[in-house]
Number of protein chains: 2
Amino acid sequence: MRNIKIKDKCKDCALYSDGKLFCAQLSGDELCELSNQSRTLSMKRGDTLENEALAHWPIVAIDSGVLSMQHLLQDGRKTIAALFMRGDIIDLRNISNRNRGALIALGNVDVCRLSPKIFEQIMGHNPDAQKVIWENLRDQAFRAMDHSGDIAKKQALEKLASFIFECRNRQVGFTDGDLVKIPVRRIDLAEYLGMQPETVSRCFKDLEKRGVLEAPSLNALKLLNVPMLRRIANGDKDVLANESRIRVLKIA
Amino acid sequence: MRNIKIKDKCKDCALYSDGKLFCAQLSGDELCELSNQSRTLSMKRGDTLENEALAHWPIVAIDSGVLSMQHLLQDGRKTIAALFMRGDIIDLRNISNRNRGALIALGNVDVCRLSPKIFEQIMGHNPDAQKVIWENLRDQAFRAMDHSGDIAKKQALEKLASFIFECRNRQVGFTDGDLVKIPVRRIDLAEYLGMQPETVSRCFKDLEKRGVLEAPSLNALKLLNVPMLRRIANGDKDVLANESRIRVLKIA
DNA sequence: TGGGTTTGTTGATCGAGATCAATCTTTTCT
DNA sequence: AGAAAAGATTGATCTCGATCAACAAACCCA
């Protein structure tokens, strides 16, 4: 009876139905307990997880959609410091004092606010769950470091190329294919990469002109020349030299 | 007898002698086992932890000094994606395939390469140690995200101000004082913040001119106006407006 | 102790991308 | 469905910080 109720709540959630994710590692009892003590939440674009809510529910698991961590500067400039997606678990316990950003949905997002108590119990007793959660946090950390490296010195075109690979690596049915879904809007993409939407638009156009990809819609790309995109992402200036040579000829 | 040998090896290491860090959480037996199976290493500026070495010793704990994670672009541009210091534990298990950066010492660094087997055992059985290590990784993740936010949209002066606060927060005897140690060289600082050494130099001079701080040496700062530094770090343009007003007057 | 190398500073110029402005497209809401 | 709002694109101009160059200082290492 009780198990049936839990199944209703969790059976469609990625965290349970995807064998690689957290809830799939739990025993029946653990899942039951965690499910009962946790709360799901559907968010839509612009919705924010407020600090007061996070004080009681500091652990947030993403079922679907894209949640962003945003930093706001005094004069209104905004940056997206991180993107959280399906399977990510955000643990904000005891860091309310820090200068942390706000968690804002970039579209429709389904999250589950996990009970810290049960979460901690599971962490202590279930090695499989512990491993999954540890690797997820490690991914978050290294992804953030990679991202720092990307935006620190790379040029606009190179940043965009890196971002396309980040999307390809993170997408669910990653089949090494040439179709990449861009799960965020241009304006969010710009804020994540530390550039202006205008520049993002120009860079996509540039990549199309170079024959590297096609953009049939705003949230889908077809990669036509993955090696070249890779070289652009890695800061290979020879790939880009082509155009400047043309420019020199025109001037001469 | 065995315990005495271990003490010789570990007794001066921060990870053991600082009660908040990892090895201080271990029981005598655990410490003994971990110590026997682990290897210390002294690095000096420029030394790199090579991939082959990391394959066998993928878990690195920092005793003292500053270790950097560096990304290198094809054309020689370099960025420092993260800084690791005293107490940080870097877990690189199973991510050799990723486009990860190289771990390079920025000065004299003492590290301990922990045995993955014993580390995992301790993770599974010692809740205190587990908690310390979990919070350390979480710090690394959120610090990297903060850093991404900083370098994405902030101006040079604002980035430097943020970095000064990062140093203040991380320094060991953090007493909320006005003395901040800068543990890296200007050139590394520039690479971490995604700017040029020239710009770093100019920004320090600018902050001195504004009376925000004094720089008696290259690796020490005395803060004279912490609130203003904070406002600069937070992107408050009113603080900076002062100078442009002067410029307008000069032009007029 | 002194010469050589790396690092840091200062000044002058240039360019990638920000900003501003106008228009077009997509999404959202009633 | 249709109006209104939000987002995306395109073009023109401007600015901050990169780049180049030259020098000064600090740090090695014999």
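Numbers restart at 1 for each chain; the letters A, B, ... are given by sequence-line order, proteins then strands. Values in this document were obtained by computation on a predicted structure and should not be read as measured data.
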Review point. Passes side-chain contact (heavy atoms from CB on, under 4.5 Å), A:Asn108 versus A:Met43? Steps please.
Key: CA-CA 6 Å; A:Asn108 294 327; A:Met43 307 172 73; over 6 Å; no
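Checking C:dT7, D:dT10, C:dA16 against the side-chain heavy atoms of A:Lys205 singles out D:dT10 as nearest. Of the listed nucleotides (C:dG17, D:dC16, C:dG8), C:dG17 has the atom at the smallest distance from the side chain of A:Ala156.
In the helix from C:dT1-D:dA30 to C:dT30-D:dA1, the end axes, each obtained as the rotation axis mapping the C1' atoms of four pairs onto the next four within a five-pair block, lie 70° apart to the nearest 10 degrees.
A:Arg86 is linked by a salt bridge (charged side-chain N to carboxylate O under 4.0 Å, His left out) to A:Asp18, counting only residues two or more places apart in sequence or in another chain. Taking the side-chain hydrogen bond (donor to acceptor under 3.5 Å, both in side chains) definition, one finds that B:Asp110 meets it with B:Ser42, B:Ser64, sequence neighbours left out. Looking at residues two or more places apart in sequence or on another chain, you find no side-chain contact (heavy atoms from CB on, under 4.5 Å) involving A:Lys205.
Residue pairs meeting the salt bridge (Lys or Arg N to Asp or Glu O under 4.0 Å) criterion with at least one partner in residues 52-77 of chain B, sequence neighbours excluded, are A:Glu158-B:Arg77, A:Lys237-B:Asp75, B:Asp75-B:Arg77.
Within 6.0 Å of NZ on A:Lys153 lie more than 12 heavy atoms contributed by other residues, nucleotides or ligands.
Where B:Arg186 and A:Leu157 meet DNA chain C, the nucleotide closest to each residue was compared, and B:Arg186 sits on the side nearer the 5' end.
Salt bridge annotation for A:Arg45-A:Asp188: present, with a cationic side-chain nitrogen under 4.0 angstrom from a carboxylate oxygen.
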**Study point:** Per-nucleotide protein contact string for nucleotides 18-30 of chain C (B base, S sugar-phosphate only, - none; heavy atom under 4.0 Å)
**Key:** SBBB-----SS--
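For the pair B:Arg186 and B:Phe204, the cation-pi criterion (under 6.0 Å, within 45° of the ring axis) is fulfilled.
A straight line from NZ of A:Lys153 to C1' of D:dA18 spans 10 Å, rounded to a whole angstrom. For the pair B:Ile151 CD1 and D:dA18 C1', the interatomic distance rounds to 16 Å; values are reported in whole Å. One atom, CD1 of B:Ile187, and another, P of C:dT5, lie 17 Å apart when rounded to the nearest Å. Distance B:Glu191 CD to D:dA18 C1': 14 Å, rounded to the nearest Å.
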